Structure formats: structure tokens, C-alpha cells
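The structure under discussion appears below in the form of C-alpha cells.
Order of the sequence lines fixes the chain letters, A, B, ..., with proteins taken first and strands second; residue numbering starts at 1 for each chain. Only this structure's heavy atoms are used, side chains among them; waters, hydrogens and symmetry mates stay out. Since the structure is predicted, the reported quantities are computational estimates derived from the model, not experimental observations.
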Amino acid sequence: MNFDITSGLNEKQKEAVLNGDGRVLVLSGAGSGKTRVIAHRIAYLLLEKGVSPYSILSVTFTNKAANEMKERVLKLLNRESVPFLWIGTFHSVCARILRDDIEKLKIGIDKHFTIFDRDDSKSLIKKILKEEKFSEEVYSASEIIEYFSLQKRGGKGYKNTVLNSIYEIYSKRLIESNAVDFDDLLLFTLKLLKEIEDVRKKYQERFKYILVDEYQDTNDIQEELLSILSQKWKNTFLVGDEDQSIYGFRGSKVRHIVEFPKRYEGVKIIRLEQNYRSFDSILKAASALVSHNTERLGKNLWTDRRGGEKIYFFSGLSDREEANFVADTINKLSENYNFSNFAVLMRTNAQSRAVEETFLNKKIPYQIVGGLKFYERKEIKDILAYIKLAINPYDRVSLLRIINTPQRGIGKTTIEEIETISREREIPLFNAIKEGLEEKTLKLRGVSSLQTFLKIIEETLTKIKELKPSEVVAWLINEISYEDYLESHNDPNKESRIENIWQLVSALKEFEEKEGANFESFLERQALQSDQDELNGESSKRDSVKVMTIHSAKGLEFPVVFIIGVEDGYFPHEFSKMKEEEIEEERRLLYVGMTRAMDKLFLTNSRTRYIYGNVVERDPSPFLAEIPQKYIEKVYGVEAGKKLNWNILEDFFEEGKEFGRENQLLKPGARVCHKTYGVGVVLSTEGSGENLKVNVSFSRFGRKKLLAKLAKLEIL
DNA sequence: TTCTATAGCGAGAAA
DNA sequence: CGCTATAGAA
């Protein structure tokens, strides 16, 4: 072997790549080249240690990261492909394991199962709430689905009996639909490994080397999966950074990475502390911020990139002014940068609106990453529901979605009839239609429509067997006149919807060329798609500014980064300032955002902002006071001499650390507690003094307008 | 059964 | 403010 696998790596990276067997924890700071280390490590195992690709499992956080990893490894190996090497996300790896062996669990799910995304799960819950007359229940479908997810992850019993019975129906319906939700993917895999010995043995034997990226964001179930899979060979190579753990709401726990060295004996820790991404001013500012956290192992990031500019801070009077500042700065800097060198990062998706409007005005090309994803769009889900139903006729959610879309005269009554047949005979809806038609028990009106529907699905299945996926979809769009259906609606987005369905055909074509003509694997990919996957898509090939949440920006880097809305209420978010550990995660979130920047970093905020269409006053983020002022340059914005901005900032920095101020006043954004209504957030106020009225959104009782004097609201 | 207008609610991050 | 669920008319 005349090629040195470690060339171009620093000492620490080499140490990690060449490490022998055993459990390793690679603590790798932002921009320290961890993807590189994993790719080199895989190449090293294959080339130098003669490990079979069959014995390696590499888990990444997103599909995009998995693809990048694959490409890097192939390049290092100088090959076109490496068969049997598993690189994928936890969810996709689990889906793959389940496709082979789920039938062994004997839970009534076969290998053609459909993966329900959150939206599918939600419509299932809504349906159950309606049917079972839980309407007086105060929980919304999304609250319930989140609650179920939490329970599934934690594995605890259900305390609430109503929720408990909804949960039972939900689980039953999933099985009837031959479907699994996101949590099931992980949970059933765990069950499979725990309960079926030969499956467990198969994978324990197989995966001699397991590599995990973004380890700080694993949840309990993933943690247990790893522990079982690695039990025989004990070779886990975990790469992560506790300071970048930002998925607590999805069940990830910093604890896993922080306590890993204590959990097993002889864990080797390697720290990657050289940052190759950012100028030192950016790095120092970000490090100073995150050093306020307690739950960390600690590290000292450093860089060779000296002499950069300070980070910039701008405070606008309105979100509009803030967006203008961002746009004008981009225009100014665009002499030296491409548009795709800029990223605008934010805490919540809703913040993108002001930015989008301004960018449209000022003719700045942009792409929103995340938010409503391509495959979550109504038109795409409609079309794919036909395919899903043809492949998996048990899929209730897909069936109900399209039975009358486009309208073919199948209304509430007809649907209720087939649902009754389905329930009474305990057969899937699809069969209920068939039987109902054969026995002529259905009322006349719906019969011919149902026949048409049945025929379409059956023909779709035939076409799937005969044609390529892209051809099937093109045929289907014509067959059901879907374009006419969109056309006939008074929908302001109808043009883009029509565009989208043909874009789906193109996406399928591309998939066929790369991955072969298998619809099921396409659907699986689609269900497990992540935000970042859009960055490989057609629209991102245009030179455009990328606009996204910080969560979506994880793992990415950009020459120029703007973080907007650096305010109390976003950093930390209103909902996350109750517990110290939540505040720490919010701090990490800002840290992750800041460390995306290579050359220039702008933090911006606004004194006022539209929330729910109301103007709300905002304070700067308390985290700003944790960044030493010497790293910050305050800018006035485009219109010079905005004395006010300056003063606001000065005041803020001087008064500075009044972190716990937690406003003594009832003002928008304040969290309050009411004796009967429970916890809520103040949306707006009217009047003052004796007549002060507060408009509060309670999490369990919705919006209420209360007279402050009488309501006796406790400010949390 | 379908179409249309509007009330009312909502948005924290996502595989 | 923007989306959607729903009520009521056609």
C-alpha cells in the first residue's frame, strides 16, 4: 500500500483513525474535521486492517451526512462502490433491519410495511378522536402524538386512562394499516434484537466495527440499540460534541456522551480541538458563550485562522428593519461572495417570513431549507398515497386520503358504510370496498365511484410491476386528472403545486438512474428524508442565500452567517427558560449557530416583532451578555446614526446580566399560571392599571382574555 | 356531495 | 397574519 491513509491529518486525528480495537470516544469540537476522521477510519479498517465491509456499520445523523460519508470513503478507496458497507441514519438502518426480519416478531406487520411520518400519525389520531367521541378531551392531536412519542421513548406506563385508551386504538390501527411510525422503527428493531435470538446473533456477529457520528444526539432507545449491537466485539467508535447537543426534544440526552466514559471500562477519549473552520474571534466568542454551561466534558478549541474581524451585532427597531440590514449587508458583501456563501439562521421557522419578503423586494435569491418539506406537501402526499396504497392495501391513512381526491363522488356516507363493513368483519378498508361491491350491500350512489377507485388502485399496481416509477407517476397524474383537479381550485399556490408534481416525476427519474427502479426503496427514502437533503436538490443548484433554522444547519458551514432574532424569547426560547438544563440547551443552540461561520458572523435582533400578527416588544438575548464585549463590534445599520440602537445596546450591556429579571410585569411572552386554566403564555395586553386586560394562550384551555386584577395570574 | 366563505386558532426544534 | 376546519348554501 503506497498510499498513506493518514496524510493530511493532524496528530489527534491520526490517533483516532489508527486507534486499535475497543471503545473510543472522540470528542470533536465544531469544525474539527470529524466527518473526515470517520471516513478515514473506515478506509483504514478496510484497507489496512483488512476488515470486510460487511462487518462495518456507520451511523450518521442525516441522510445527507450518510451520502457524504459514502462519497468520501469511495474517494479514499478510489472505487465506484463498496457493497455490504452499511452507512445510514439510525432510522434508515432500523428500517432495513425490519424489512428483513420484522415478520419474526409476529405482531401482524409484514415486510411491505408503510412508514408513517408525523403527519400520517396525526391524521390517524384525529380520526380516532372523532370516531371514538373523545371530543370533549382537551388535548389536540399534535399534543397527543408528542405525548405518545415521549412515552414510547421513555418506555413508561400511561397514567392518563383516556390517553391510554387512545393509545391502544392508535397502536391497533397502525398494525391494521401494516404501518410503523418513527418511534416504532427504533422500538421494533430493539424488540427484535432483544427477543429473537438468531436475529440478535446475526447482527452482533456481523458488526465488528460500529462508528457513530453526532453521538451527543442519541436517545435512550438508540443508546440501547448500540449497546446490544456492540456487545460481542465491543468496538464502538463514537464521535460527538456535548456542546452541540440540541435535540433534547427528540429524546437525545447529553448525559449519554458525558457519562459514556464512566459507563464502560477502559474507554479511550481522544479530543479533537483544532478548528479548521472559523476565524479565532468567532471561535473565542462562541467558546466563551458555551463555557457558561455546566453539563460538559470541556475542551479548548483553537485555530490557526487569526486576524479575522470581530463578530458584528445589529439591533433593529422592527423585524423589518432587521431583515433590511441583513439584505443590505448581503448586497454589499456580494461583491466578494457568492449568494450561496451566505446563510441566515434562526430559532423558529416562522421567522423566515420577514426575511423572505425583504429578499424578494431586494431581489436577493434565496432558498428556504426545511420548514414545509417537499414530501410533506399536500399534492406530493396525494400522489404518493396512491402508490403506497397499491403496494400496501392495508394502509388506511393513504386510502382515506385519496378515496375522494380528486373528487369522484365518494362522500361521508359512503365512507362510513365501508368503515362499518371493515369494522364488523375485521377486514381492511380496501377489502371492505371489494366485498361491499361484490355483495351489492352498498347503496347505489357510491357504487360506480367506488368501482372507479378500485380500478385505479388495481391498475396502479399493474403499472408498478410493468413500468419504471417515474412512468407510473406520470401515468397516474393523467389517469386521475390531477392537474385539472389542482387547476380547478382557487388556490394561490396552484402553479407551484403543479410544478411540484412534475418535479416529483423528475426526482423519480433521478432516483432510477442512481439507485435502480424500486418504488419501495424510494418511498422509504422519502419517508426518512431530512431537511438537509433538500440541499442536494434541484433548487439548491441556483446560487442562493440559504435560510434555515439552526437545527437544520447542524453540521453545515458557511463563509458568512447571520443569526437573526437574538432576543430573549428566542434565545432562550420562551418555552425553554424554566429549567437550567433547558437553558443550557438553548445556549448550545446559539453556539451551534455561531460556529457555522467561517469568515464573518452577524448577530442581529429587533426591539419589536410581529407575533400572531400583533406587535410585541422584545429584549436582547441574555446570552449576548455572556459574550465578552471585546469580541463584538456594534454596527448601526445601513442608515447611519441610529443613535437609539446604540443606546439600547449600551443600556443593555451596562445593565447587562439581569438575567433573572423575568419581568415583574404581565407583558407579551410572559409565562403565567392561572388557578383553573393552568400554565399559559401572555399574547397581548390591553389597557392599563385597574383595566389591564391580558390575552393569554393556555396550553390546555386555549386563548382567554382576562382582567388582570381578578385573574390573579402568577408570573412564572 | 361539493363549493365557498370565514371564524378561529396557532407556531419550538424534526427523523 | 396565514392556514384549516367547518358550517351552510347550492
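Toward the 5′ end of DNA chain B lies the nearest nucleotide of A/Y570, the other residue of the pair A/Y570 and A/G370 mapping further downstream. Taking the nucleotide of DNA chain B with the nearest heavy atom to each of A/I410 and A/S576, the more 5' of the two is matched to A/I410.
Heavy atoms of A/R118 sit under 4.0 angstrom from at least one base atom. Within 4.0 Å of A/S552, counting heavy atoms only, lie sugar-phosphate atoms of the nucleic acid but no base atom. Residue-level contact check: A/K126 touches the backbone only, with heavy atoms under 4.0 Å from sugar-phosphate atoms and none from bases. Nucleic acid contact for A/Y247: sugar-phosphate only, since backbone atoms but no base atoms lie under 4.0 Å from a heavy atom of the residue. Here A/E586 lies in heavy-atom contact (under 4.0 Å) with a base. Note on A/N349: only backbone sugar-phosphate atoms sit closer than 4.0 angstrom, heavy atoms only; bases stay farther off. Residue contacts shown for A/N404 are limited to sugar-phosphate atoms, with no base heavy atom under 4.0 Å away.
More than 12 heavy-atom neighbours from other residues, nucleotides or ligands sit within 6.0 angstrom of NZ on A/K494.
Whole-Å rounding puts the A/I246 CD1 to B/dG12 C1' distance at 12 Å. As a whole-Å value, the separation of A/I145 CD1 from B/dA15 C1' is 14 Å. Between the OH atom of A/Y610 and the P atom of C/dG2 there is a distance of 11 Å, rounded to whole Å. Residue A/E416 contributes atom CD, which lies 9 Å from atom P of B/dT1 at whole-angstrom precision. As a whole-Å value, the separation of A/E357 CD from C/dC1 P is 10 Å. Across the protein-nucleic acid pair, A/R588 atom CZ and B/dA13 atom P stand 18 Å apart, rounded to whole Å. Between the CG atom of A/L150 and the P atom of B/dA15 there is a distance of 19 Å, rounded to whole Å. If you take CD1 of A/I611 and P of B/dG10, they are 16 Å apart, rounded to a whole angstrom.
Taking only side-chain atoms of A/F182, from C-beta outward, the nucleotide of B/dT1, B/dA15, C/dC3 with the closest atom is B/dA15. Which of B/dA15, B/dG12, B/dA14 sits closest to the side chain of A/T89 comes down to B/dA15. The side chain of A/R250 lies closest to B/dA15, out of B/dA15, B/dG10, C/dC3. In this structure, of C/dT6, B/dA15, B/dA14, it is C/dT6 that holds the atom nearest to the side chain of A/K130. The side chain of A/T414 lies closest to B/dT1 when the candidates are B/dG12, B/dT1, B/dA14. Between C/dA5, B/dA11, B/dT1, one nucleotide has an atom nearer to the side chain of A/A350 than all others, and that is B/dA11.
Taking 4.0 angstrom as the limit, A/Q407 places a side-chain polar atom (N or O) nearer than this to OP1 or OP2 of B/dC3. The side chain of A/T413 contributes an N or O atom lying less than 4.0 Å from OP1 or OP2 of B/dT1. Here A/T62 does not reach the OP1 or OP2 of B/dA15: none of its side-chain N or O atoms lies under 4.0 Å away.
Annotation: C/dA5 and B/dG12 have their C1' atoms spaced 23 Å apart (nearest Å). With both ends at atom P, the span from B/dA11 to C/dT6 equals 15 Å, rounded to whole Å.
Ring-to-base geometry does not place A/H551 in a stacked arrangement with B/dA14 (centre distance under 5.5 Å, plane angle under 30° required). Here A/F249 lies parallel enough and close enough to stack on the base of B/dA13, with planes under 30° and ring centres under 5.5 Å apart.
The pair A/E586-A/K577 fails the salt-bridge criterion, with no side-chain N (NZ, NE, NH1 or NH2) lying under 4.0 Å from an Asp/Glu carboxylate O. The pair A/R618-A/D568 fails the salt-bridge criterion, with no side-chain N (NZ, NE, NH1 or NH2) lying under 4.0 Å from an Asp/Glu carboxylate O. Electrostatic pairing of A/E419 and A/K412 does not count as a salt bridge here, judged by no charged N lying under 4.0 Å from a carboxylate O.
For the side chain to side chain contact (heavy atoms under 4.5 Å, CB included) with A/I583, the qualifying choice from A/K579, A/R587, A/E585, A/E581 is A/R587, the only one to do so.
The base of B/dG12 has none of its N or O atoms less than 3.5 Å from a complementary donor or acceptor on the side chain of A/E146.
A tilted orientation is assigned to the rings of A/Y247 and A/F61, their planes being inclined by 30° to 60°.
Look at C/dC3: its Watson-Crick or wobble partner, with both distances under 3.5 angstrom, is B/dG8.
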Between A/K64 and A/L556, is a side-chain contact (heavy atoms from CB on, under 4.5 Å) present by the stated rule, with each step listed? CA-CA 11 Å; A/K64 179 168 181 275; A/L556 305 176; 3.4 Å; yes

